[in-house]
Amino acid sequence: MGKKVAVVLAGCGVYDGSEIHESSAVLVHLSREGAQAEVYAPNIDQMHVVDHVRGQPTQEKRNVLVESARIARGNIMDLAKLDVKGLDALIIPGGFGVAKNLSTWATQGKNCTVSKEVEDVLKAFHAAKKPIGLCCISPVLAAKIFPGCELTVGHDTECEKWPYAKTAETMKELGCKHVNKHVTEIHVDVKNKLVTTSAFMCNAPIHEIYDGIGKMVKEVVRLA
């Protein structure tokens, strides 16, 4: 039997939910590794809804579980029902939904709170010594919950290629060790069983982002 891996989504779309290409890459690479994905999302309202053409918030209201179901092709469960005992690993793709719906990082930065449901799930996998894969912005969840952990969100010096590099500095302020890595590389915190990669934190060709996520998934499954 292949490993069972929980994939936690935060909506559907880069600006207010899970990043669709990252989520898809996680699911494809899990399939390639012979693992079984179980997709979950919290049954809550999004912080807001963003028009992805204009990049501006709208007056609409949307539900994180309902929107995430689009990526999961309807095969999704309420995060409240997740039981770590029946699962081997956890992966959380990126997208602004992580910083808006799973936490308040988008508005509060290092002073943010992580949603209790999400925090409980992360702590449960960590306590069970089961691996956790995080990409793009989602390593900030670990930065907030596991002081002193080692993570990468790519590079810590801002430039055209790394437009979100300030995130690394903020994570360091939380007491984490940030490790600079290229988009096709991963970092493994052996002690905490955390596997991270930068994905769309890097202004890189999509196939490189896909390859980096592939390495993350492969290592998560191996550690499981």
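None of these values were measured; they are calculated from a predicted model. Computation of the quantities below employed the complete heavy-atom set of this structure, encompassing side-chain atoms and omitting hydrogens, waters and symmetry-equivalent molecules.
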**Prompt:** Would you say Lys193 and Val188 make side-chain contact, with heavy atoms under 4.5 Å?
**Reply:** no
**Request:** Heavy atoms only: give me the nearest Ile76-Ser68 pair and the separation to one decimal.
**Result:** CD1-CB, 3.5 Å
**Asked** If you measure from NE2 on His21 to NE2 on His207, what distance do you get to the nearest 0.5 Å?
**Response** 14.5 Å
**Asked** Given side chains that start at C-beta, do those of Phe125 and Pro131 come closer than 4.5 Å, heavy atoms only?
**Response** no
**Prompt:** Should Val121 and Ile145 be counted in the same cluster of Ile, Leu, Val, Met, Phe, Trp and Tyr side chains packed under 4.5 Å apart?
**Reply:** yes
**Prompt:** Are there more than 12 heavy atoms of other residues, nucleotides or ligands under 6.0 Å from atom OH of Tyr15?
**Reply:** no
**Asked** In Å, rounded to the nearest 0.5 Å, how long is the span from NZ of Lys130 to CG of Leu90?
**Response** 11.0 Å
**Message:** Once rounded to the nearest 0.5 Å, what's the spacing between atom CD1 of Ile209 and atom SG of Cys135?
**Reply:** 10.0 Å
**Message:** Is there a side-chain contact between Leu30 and Ile91 in this structure, where contact means two heavy atoms from C-beta onward sitting under 4.5 Å apart?
**Reply:** yes
**Request:** Mind telling me whether Phe146 and His126 have parallel, tilted or perpendicular rings, with 30° and 60° as the class edges?
**Result:** parallel
**Request:** Determine yes or no for a side-chain-to-main-chain donor-acceptor pair under 3.5 angstrom, with Ser103 supplying the side chain and Val114 the backbone.
**Result:** no
**Request:** Please name the pair of heavy atoms, one in His178 and one in Gly154, separated by the smallest distance, quoted to 0.1 Å.
**Result:** CE1-O, 3.3 Å
**Asked** For the atom pair CZ (Arg62) and CD (Gln46), what is the distance rounded to the nearest 0.5 Å?
**Response** 7.0 Å
**Message:** Please check: side-chain N/O of Thr107 versus main-chain N/O of Thr104, any donor-acceptor pairing under 3.5 Å?
**Reply:** yes
**Item:** Minimum-distance pair of heavy atoms, taken over all atoms of Val5 and Ala35
**Value:** CG2-CB, 4.2 Å
**Request:** Identify the two heavy atoms, one from Val64 and one from Gly11, that lie closest to each other, and give their separation to 0.1 Å.
**Result:** CG1-N, 3.6 Å
**Message:** For the backbone of Met47 and the side chain of Asn101, can you confirm whether one donor and one acceptor N or O come within less than 3.5 Å of each other?
**Reply:** yes
**Prompt:** Any side-chain heavy atom of Lys4 within less than 4.5 Å of one from Glu38?
**Reply:** yes
**Message:** Just so I know, are the side chains of Glu19 and Cys136 near enough to count as touching, which here means a heavy-atom distance under 4.5 Å?
**Reply:** no
**Request:** Please identify each residue that fulfils side-chain hydrogen bond (donor to acceptor under 3.5 Å, both in side chains) with Glu150, with sequence neighbours left out.
**Result:** His187
**Item:** Under-4.0 Å salt bridge between Lys166 and Asp156
**Value:** no
**Asked** According to a 4.5 Å side-chain heavy-atom criterion applied to Ile, Leu, Val, Met, Phe, Trp and Tyr, with indirect links allowed, do Ile71 and Val28 form part of one hydrophobic cluster?
**Response** no
**Message:** Using the side chain to side chain contact (heavy atoms under 4.5 Å, CB included) definition, which of the options Thr167, Leu141, Val98 pairs with Trp105?
**Reply:** Thr167
**Asked** Quick one: do Val26 and Tyr210 end up in the same hydrophobic cluster if we chain Ile, Leu, Val, Met, Phe, Trp and Tyr together by side-chain heavy atoms under 4.5 Å apart?
**Response** no
**Prompt:** So if you build clusters from Ile, Leu, Val, Met, Phe, Trp, Tyr with side-chain heavy-atom gaps below 4.5 Å, do Tyr164 and Leu174 land together?
**Reply:** yes
**Prompt:** Is the backbone of Ile92 close enough, under 3.5 Å, to the side chain of Ser138 for a donor and an acceptor to pair up by distance?
**Reply:** yes
Distance-only check: which donor-acceptor pairs under 3.5 Å involve side-chain atoms of residues 211-224, not counting sequence neighbours?
residue, atom, partner, partner atom, Å
Lys215, NZ, Thr184, O, 2.9
Glu219, OE1, Arg222, NE, 3.0
Glu219, OE2, Arg222, NE, 3.4
Glu219, OE2, Arg222, NH2, 2.8

**Shared hydrophobic cluster, Ile206 / Phe96 (ILVMFWY, side-chain heavy atoms < 4.5 Å)** = no
**Request:** Please round to the nearest 0.5 Å and tell me the distance separating atom NZ of Lys144 and atom OG1 of Thr170.
**Result:** 11.0 Å
**Request:** List the atom of Pro139, the atom of Met171, and the distance in Å for their closest heavy-atom pair.
**Result:** CB-CE, 4.1 Å
**Asked** Backbone N or O of Glu185 within a donor-acceptor pair of the Thr197 side chain at under 3.5 Å?
**Response** yes
**Request:** For the pair Asp78 (side chain) and Lys81 (backbone), establish whether a donor and an acceptor sit closer than 3.5 Å, ignoring hydrogens and angles.
**Result:** no
**Request:** Please check if the side chain of Thr152 supplies one atom and the backbone of Val179 the other of a donor-acceptor pair under 3.5 Å.
**Result:** yes
**Message:** Whether the side chain of Asn192 engages the backbone of Leu194 through a donor-acceptor N/O pair (distance < 3.5 Å, no angle test) should be reported.
**Reply:** no
**Request:** With rounding to the nearest 0.5 Å, note down the distance linking OG in Ser198 to CD1 in Ile186.
**Result:** 11.5 Å
**Prompt:** Should the ring pair His155 and Trp162 be called parallel, tilted or perpendicular, given that the plane angle runs from 0 to 90° and is split at 30 and 60?
**Reply:** parallel
**Lys161 (side chain) donor-acceptor with Cys202 (main chain) under 3.5 angstrom** = no
**Prompt:** Is there a side-chain contact between Val39 and Leu9, using heavy atoms and a 4.5 Å cut-off?
**Reply:** yes
**Item:** Under 3.5 Å donor-acceptor, Asp16 side chain and Val50 backbone
**Value:** yes
**Message:** Quick one, Ile132 and Leu122 - any side-chain contact, counting heavy atoms below 4.5 Å?
**Reply:** yes
**Asked** Given side chains that start at C-beta, do those of Leu102 and Pro42 come closer than 4.5 Å, heavy atoms only?
**Response** yes
**Asked** What residue pairs, at least two apart or across chains, pass salt bridge (charged side-chain N to carboxylate O under 4.0 Å, His left out) with a residue in residues 91-118?
**Response** Lys110-Glu173, Lys116-Asp120
**Prompt:** Does atom CG of Asn75 have more than 12 heavy-atom neighbours from other groups under 6.0 Å away?
**Reply:** no
**Message:** I need the minimum non-hydrogen distance between Ile20 and Cys12, along with the two atoms involved.
**Reply:** CD1-SG, 3.8 Å
